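Structure first, commentary second.
Basis for what follows: all heavy atoms, side chains included, without hydrogens, waters or symmetry-related copies. Residue indices begin at 1 and follow the sequence shown. Being a predicted model, the structure only gives us computed values, none of them experimental.
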Amino acid sequence: MVKGHRYALIGRNGKGKSTLLKALAARRVGKLPVNMSVHYVSQDVKIDGVIGQTPVEVVLDADIERKLLLQEAAELEKLDEMSEPQQKRQGEVLTQLELIGAETAPRRALELLLSLIHI
């Protein structure tokens, strides 16, 4: 992949396009440079899933990379013992969470929503 270029996946339904993009966003496949971002926006909005969520929670839930990385970090944290590859992956996950500013995401989501009021 070349910085500044945009890429598209084209294929029939059920062939794994979304699965590949989710895996890229979570950095589970490929060797993407740490300064490269992959954004995945689901084409299916399930209204049932957002009922009862605050607007900030809806925005945070749409950040697939953050969501998948947090899930993976939690899964790795549950392990009693980690193999060397798991330890390496945990380091990569925590580094990527830091790079994307995962801890400040709620504040930034709120700022984004508040900025929409002033448009």
Side-chain angles (χ1 to χ4, degrees):
M1 300 181 94
V2 179
K3 184 178 180 178
H5 287 204
R6 293 182 185 181
Y7 298 89
L9 292 177
I10 301 170
R12 294 182 180 271
N13 289 342
K15 296 299 178 187
K17 299 178 300 292
S18 294
T19 301
L20 175 60
L21 288 173
K22 287 177 190 176
L24 281 169
R27 298 182 180 276
R28 291 183 177 157
V29 297
K31 295 188 186 273
L32 299 175
V34 294
N35 63 341
M36 183 180 285
S37 297
V38 176
H39 299 281
Y40 173 79
V41 179
S42 177
Q43 61 190 2
D44 301 316
V45 177
K46 295 178 178 80
I47 193 70
D48 295 342
V50 299
I51 293 176
Q53 286 185 313
T54 67
V56 169
E57 290 169 335
V58 172
V59 170
L60 291 174
D61 202 39
D63 186 347
I64 299 297
E65 179 181 19
R66 179 180 175 272
K67 185 176 175 180
L68 292 175
L69 286 168
L70 287 172
Q71 287 173 353
E72 188 173 0
E75 290 168 9
L76 288 166
E77 187 69 30
K78 288 179 188 176
L79 298 174
D80 291 331
E81 292 184 29
M82 280 193 259
S83 65
E84 189 174 318
Q86 288 170 324
Q87 290 175 357
K88 181 180 179 198
R89 180 61 187 156
Q90 184 184 41
E92 293 168 352
V93 168
L94 295 175
T95 298
Q96 189 59 27
L97 283 168
E98 187 175 327
L99 284 171
I100 66 171
E103 287 187 15
T104 61
R107 178 185 49 78
R108 290 182 289 118
L110 179 60
E111 289 171 358
L112 170 80
L113 291 168
L114 290 173
S115 74
L116 296 174
I117 296 171
H118 301 291
I119 291 179

Within the distance-only criterion (no hydrogens, no angle test), does the side chain of K17 pair as donor or acceptor with the backbone N or O of R12 below 3.5 angstrom?
yes
Do V59 and D63 have side chains that approach each other closer than 4.5 Å (heavy atoms only, starting at C-beta)?
no
Minimal heavy-atom distance between L68 and R28, with the atoms involved, is O-NH2, 3.7 Å
Looking at every heavy atom in both L97 and R66, which two are closest together, and how far apart are they?
CD2-O, 4.2 Å
Would you say Q87's side chain and E84's backbone share a donor-acceptor pair under 3.5 angstrom?
no
So, are E111 and R107 salt-bridged, with charged N and O less than 4.0 Å apart?
yes
Reported NZ-to-NZ distance for the pair K67 and K22, which is rounded to 0.5 angstrom
8.5 Å
How long is the gap from OG1 on T19 to CG on L24, to the nearest 0.5 Å?
11.0 Å
Going by the rule salt bridge (Lys or Arg N to Asp or Glu O under 4.0 Å), which residues pair with R89 if we only count those two or more places apart in sequence or in a different chain?
E72, E92
Measuring from L113:CG to R108:CZ, what's the distance to the nearest 0.5 Å?
12.5 Å
Taking all non-hydrogen atoms of both residues, which atom of P106 and which atom of V56 are closest, and how far apart?
O-CG1, 3.9 Å
Looking at side-chain heavy atoms only, is the closest gap between L69 and I100 below 4.5 Å?
yes
Mind listing the closest non-hydrogen atom pair of A109 and L60 along with its distance?
CB-CD2, 4.1 Å
To the nearest 0.5 Å, tell me how far Q71 CD sits from I64 CD1.
9.0 Å
Under a 3.5 Å threshold, yes or no: a donor from one side chain and an acceptor from the other, between Q86 and E81?
no
Determine the minimum heavy-atom distance between E57 and T54, stating which atoms define it.
OE1-N, 2.7 Å
